[in-house]
**Student:** 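Once you've had a glance at the structure underneath, I'll fire off some questions.
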Amino acid sequence: MLNLQIQVGYLAAEADLPSEADLAKQYGVTSDAVHEALKALALMEKVRQFPGGWSVGNRTEFEPPRVRTQIARDLVRRLRTGEWSYGDRMLSETEVMAAYDVTRGTARQAYQRLAAAQLVEIRHGQGAFCKVKPS
């Protein structure tokens, strides 16, 4: 989950992560499971540990992100700026296709990335809805 949130840009580079205990509570797993996941992300250079916590690493990507990732990151940016509130219906796949000049498959994959990161809820036949609660 954290890996996807980092990939789509929901967790920005250099951002401090919540404590391991808070992450365990958030994801409904043990603190040991969170610690092991963070160590695995550290090996992939996605996060780094510092005294007292973890932060998102700022590893430079060697190739540009795929179009679906770029779209997902832009949608996350729009979520962060408050364009959509919790429960709001977001752009339809057709609107994403037109706005970004991509195929339906690419639009769907972008939303699937956000759904996997638990940032949106996809309702069959209805669209994608914002799951980001105000801070």
Side-chain angles (χ1 to χ4, degrees):
M1 186 70 59
L2 285 173
N3 189 25
L4 282 170
Q5 290 180 345
I6 292 167
Q7 284 179 342
V8 299
Y10 186 72
L11 295 172
E14 303 298 319
D16 289 345
L17 295 175
S19 71
E20 290 182 21
D22 288 342
L23 289 171
K25 186 184 292 185
Q26 180 179 348
Y27 294 112
V29 298
T30 66
S31 293
D32 288 341
V34 169
H35 187 75
E36 291 304 313
L38 289 170
K39 287 188 342 188
L41 288 171
L43 289 173
M44 294 186 294
E45 298 180 7
K46 302 278 183 167
V47 299
R48 66 173 178 262
Q49 190 171 19
F50 62 89
W54 294 84
S55 67
V56 177
N58 61 348
R59 180 174 175 235
T60 305
E61 295 183 14
F62 297 106
E63 59 185 54
R66 293 181 174 211
V67 174
R68 66 179 175 241
T69 302
Q70 293 172 337
I71 294 169
R73 285 179 180 172
D74 189 52
L75 292 171
V76 165
R77 178 190 58 77
R78 294 169 73 174
L79 283 170
R80 282 187 164 168
T81 62
E83 187 168 332
W84 298 290
S85 299
Y86 182 78
D88 286 351
R89 184 177 178 281
M90 298 171 63
L91 297 176
S92 68
E93 286 180 0
T94 304
E95 291 169 324
V96 170
M97 290 168 55
Y100 297 96
D101 192 27
V102 295
T103 65
R104 183 171 304 280
T106 300
R108 184 170 290 146
Q109 289 172 346
Y111 270 128
Q112 287 172 342
R113 294 180 80 84
L114 296 181
Q118 296 185 357
L119 302 174
V120 302
E121 176 184 356
I122 298 173
R123 299 181 195 155
H124 183 70
Q126 295 180 10
F129 294 83
C130 175
K131 282 183 65 176
V132 177
K133 295 184 180 179
S135 318

**Student:** Would you give the length of the straight line joining atom CG of Leu79 to atom CG of Asp74, rounded to the nearest 0.5 angstrom?
**Tutor:** 10.0 Å
**Student:** Between CE of Met90 and CD of Glu121, what distance do you get to the nearest 0.5 Å?
**Tutor:** 12.0 Å
**Student:** When rounded to the nearest 0.5 angstrom, what distance separates CZ in Arg113 from CG in Leu75?
**Tutor:** 12.0 Å
**Student:** Excluding sequence neighbours, so at least two apart, what forms side chain to side chain contact (heavy atoms under 4.5 Å, CB included) with Ser19?
**Tutor:** Ala21, Asp22
**Student:** Could you give me the CA-CA distance, side-chain angles and deciding distance for Arg104 and Thr94, then say whether side-chain contact (heavy atoms from CB on, under 4.5 Å) is met?
**Tutor:** CA-CA 7 Å; Arg104 183 171 304 280; Thr94 304; 3.4 Å; yes
**Student:** If you round to the nearest 0.5 Å, how far is CD of Glu93 from OH of Tyr111?
**Tutor:** 8.5 Å
**Student:** What is the distance from atom CD1 of Ile122 to atom NZ of Lys131, rounded to the nearest 0.5 Å?
**Tutor:** 10.5 Å
**Student:** When you group the ILVMFWY residues by side-chain heavy-atom contacts below 4.5 Å and let the links chain together, are Val34 and Tyr27 in the same group?
**Tutor:** yes
**Student:** What is the distance from atom NE2 of His35 to atom CH2 of Trp54, rounded to the nearest 0.5 Å?
**Tutor:** 6.0 Å
**Student:** If you look at every heavy atom in Ala110 and Ile71, which pair is closest and at what distance?
**Tutor:** CB-CG2, 3.7 Å
**Student:** Quick check: closest heavy atoms across Val96 and Ala107, and the distance to 0.1 Å?
**Tutor:** CG1-CB, 3.6 Å
**Student:** Treating Thr103 as the side-chain partner and Thr106 as the backbone partner, does any N or O pair qualify as donor plus acceptor under 3.5 Å?
**Tutor:** yes
**Student:** Identify the heavy atoms of Ala72 and Leu114 that sit nearest to each other, and give their distance.
**Tutor:** O-CD2, 3.8 Å
